[in-house]
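Below is one structure, written out as structure tokens, with a few remarks after it.
Everything numeric here is computed off the predicted structure, so don't read it as measured data. Any value given below was found using the heavy atoms of this structure, including those in side chains, with hydrogens, waters and symmetry copies removed. Chain identifiers are assigned alphabetically (A, B, ...) following the order of the sequence lines, protein sequences preceding nucleic acid strands; residue numbering begins at 1 within each chain.
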There are 2 protein chains.
Amino acid sequence: MQKLLRDNVIYNFENGMKGAYKVKDGETFTVETCDCFHQQISSEDQVLLEIDMDIVNPATGPIYVEGAEVGDILKVEILDIKIDDRGVAAAIPGSGGLPEESKEAIVRVIEVKEGFANYLGKKIPIEPMIGVIGVAPGEGEGTWGTHTPWKHGGNMDTKTITKGRTLYFDVGQEGAMLALGDLHAVMGDGELCFTGLEIPGEVDLKVSLIKGKKKLNWPVLESKDNIAIIASGENLEEAMQNAASTAVKYISEVLNSTWAEAYVMASQVLDLRISQVVNPMKTVRAEIPNYILTMEEILNRN
Amino acid sequence: MQKLLRDNVIYNFENGMKGAYKVKDGETFTVETCDCFHQQISSEDQVLLEIDMDIVNPATGPIYVEGAEVGDILKVEILDIKIDDRGVAAAIPGSGGLPEESKEAIVRVIEVKEGFANYLGKKIPIEPMIGVIGVAPGEGEGTWGTHTPWKHGGNMDTKTITKGRTLYFDVGQEGAMLALGDLHAVMGDGELCFTGLEIPGEVDLKVSLIKGKKKLNWPVLESKDNIAIIASGENLEEAMQNAASTAVKYISEVLNSTWAEAYVMASQVLDLRISQVVNPMKTVRAEIPNYILTMEEILNRN
């Protein structure tokens, strides 16, 4: 199995990128990732504001997927996530979801052992997840730093992007140009203080191309129970509306209902959930249960 | 077991209310509730905007709890929720979480049978929940219509306020003055179109008084897995901050940590979740897992 080392990383998702790695349609491979601080922090005594911010949030890639063309959908199956045995979490004055209350800079180096992270005398069950994952945006769709989530994916910081789930992205340029990084050993919905438990690791992925379908508009995450549309916006209201609007449209298109009927259906079955509140764009996911619609039905919708 | 019929309802939670019913500390009783439209809708042909809006969102009560004094905490165990076999859902132009896209008024009368609501050819598993539940606010803490959630509870529209869970409220006046209504057979996180599946029913409750503890500040919902602080605000950001700020304070007080350490802990373990996006105040809940702290520890915190 091909292993893509963390030698090549990007700090922006943008159209026109050149592939640093190459994989085939249908290939399974491993991607090695840096932590979000590019492994600059090794001690709790370090002064967080003195690290090199220009190399923060590296995403390993870009990975050129052979055969990927503009208008395809890239299916990315997350087969496994392996993480190191030590992670870093931090708070900075004036940052995170409670910026006015956050007055002290602290760095915590936290041990991960036998499935638990150990902090403040508590054993926290780990749930490894991918913070940054995305593809090149389409032409004219902007340059997006790896700090920011948008329609191409990016820093979605969604705790449900875990082993066993599958992501779907609209392909914006030839080769798709997948890149990922910013693993978390564990993170709560919201990522309140602005970090999860940041950790280097390896991700096993399988990529496949889906051709001839309608655009998804936002990344979609499939699990055995539901389909989540992961959308972002300037604030939580805008992120919520972007996610909910796409969900209602999908429901209406799959069930052949009016928009109003789909709106009423969504109100009963759709879960609007916070992914993160701390990045330059905020992220909300709209989870539609599988008994209402499946990914296959979304791909084949009218 | 005493049954409180839906003969007496309130439309405001305010200080100085007189009890319409009386229960003892430790008593188990049943409360009958109207649906949020006060059962005015019986047909899909009805014009939603012509119903009497002055009697919308009735809450059965106030229920005077003997011995309840200002400064106590009222513990409300939700033992069971029984609902009717027919509910109502509706969309109104310009309303709900997608007001600009909502252009058509529709009313749907939806059958509930054998654990499922039947709509658009789909069977939706029901999860009965309480939309409005609260107590009198303290003196000078305002008059709150039953449409609006705040520190006294009210229209929290939180899908996890279900059978088996326990709510805790700060008592703001003698007798506490509990009132509830607005049951939903099912509702997604967000209540996107502005109604759940609105339905009349009966709720079995047990109330108990807890004396000599610190104020909770916002309602707290206890389940076997976590403790949820249910907070509201003018928008989702403000609601999130009110919930998260309270959660970080609890973690810091229970674990005897600094505020910054509790902030970092919250970022790993706290789930910030949307309850509703459609009421005059929006609601977010902050769920702290039980392996970090328990309700008993919150009540006994420093």
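For Ser257(A), the part lying under 4.5 angstrom from a heavy atom of chain B is the side chain only. Heavy-atom distances place the side chain of Met240(A), and not its backbone, under 4.5 Å from chain B. Interface remark: Lys123(B) contributes backbone atoms only to the contact with chain A (heavy atom separation under 4.5 Å). Only the side chain of Leu255(A) has a heavy atom closer than 4.5 Å to any heavy atom of chain B. Of the atoms belonging to Ala117(A), not a single heavy atom falls under 4.5 Å from chain B. Heavy atoms of Ser275(A) lying under 4.5 Å from chain B are absent altogether.
Atoms CD and OH, from Gln268(A) and Tyr119(B) in turn, are 8.0 Å apart once rounded to the nearest 0.5 Å. Between Ile274(B) atom CD1 and Arg285(A) atom CZ the span is 9.5 Å, to the nearest 0.5 Å. Considering CG of Leu120(B) and CD1 of Ile251(A), their distance stands at 9.5 Å, rounded to 0.5 Å. Summarising the geometry, atom CD1 belonging to Ile292(B) is positioned 5.0 Å from atom CD1 belonging to Ile124(A); distances are rounded to the nearest 0.5 Å. Remark: Asp271(A) CG to Met187(B) CE distance equals 8.5 Å, nearest 0.5 Å.
By a heavy-atom distance cut of under 4.5 Å, Glu104(B), Ile106(B), Arg108(B) are the residues of residues 104-115 of chain B near chain A, going up by number.
In terms of heavy-atom pairs under 4.5 Å with chain B, the best-connected choice from Gly196(A), Ala266(A), Ala185(A), Ala247(A) is Gly196(A). Most heavy-atom pairs under 4.5 Å with chain A: of the set Pro93(B), Ala91(B), Ser102(B), Ala262(B), this distinction falls to Ser102(B).
When all heavy atoms of Leu236(A) and Glu237(B) are compared, the closest pair comes out as N-OE2, 2.9 Å. In plain terms, the two heavy atoms of Ala244(A) and Leu192(B) that are nearest each other are CB-CD1, 3.7 Å.
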Name each donor-acceptor pair under 3.5 Å that joins a side chain in residues 276-284 of chain A to protein atoms two or more places apart or in another chain, with its distance.
from, atom 1, to, atom 2, distance (Å)
Gln276(A), OE1, Val278(A), N, 2.8
Gln276(A), OE1, Asn279(A), N, 2.8
Gln276(A), OE1, Asn279(A), ND2, 3.4
Gln276(A), NE2, Met281(A), O, 2.6
Gln276(A), NE2, Thr283(A), OG1, 2.8
Asn279(A), OD1, Asn155(A), ND2, 3.3
Asn279(A), ND2, Asn155(A), O, 2.9
Asn279(A), ND2, Asp157(A), OD2, 2.9
Lys282(A), NZ, Asn279(A), O, 2.6
Thr283(A), OG1, Ser232(A), OG, 2.9

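Listed by chain and number, the residues in a salt bridge (Lys or Arg N to Asp or Glu O under 4.0 Å) with Lys163(A) are Asp80(A) (sequence neighbours excluded).
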* Can you check side-chain contact (heavy atoms from CB on, under 4.5 Å) on Glu100(A) and Gln241(B), steps first, answer last? -> CA-CA 10 Å; Glu100(A) 287 169 27; Gln241(B) 292 197 332; 5.9 Å; no
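Every pair passing salt bridge (Lys or Arg N to Asp or Glu O under 4.0 Å) that includes a residue from residues 239-253 of chain B is listed here, sequence neighbours excluded: Lys214(B)-Glu253(B), Lys249(B)-Glu253(B), Glu253(B)-Arg301(B).
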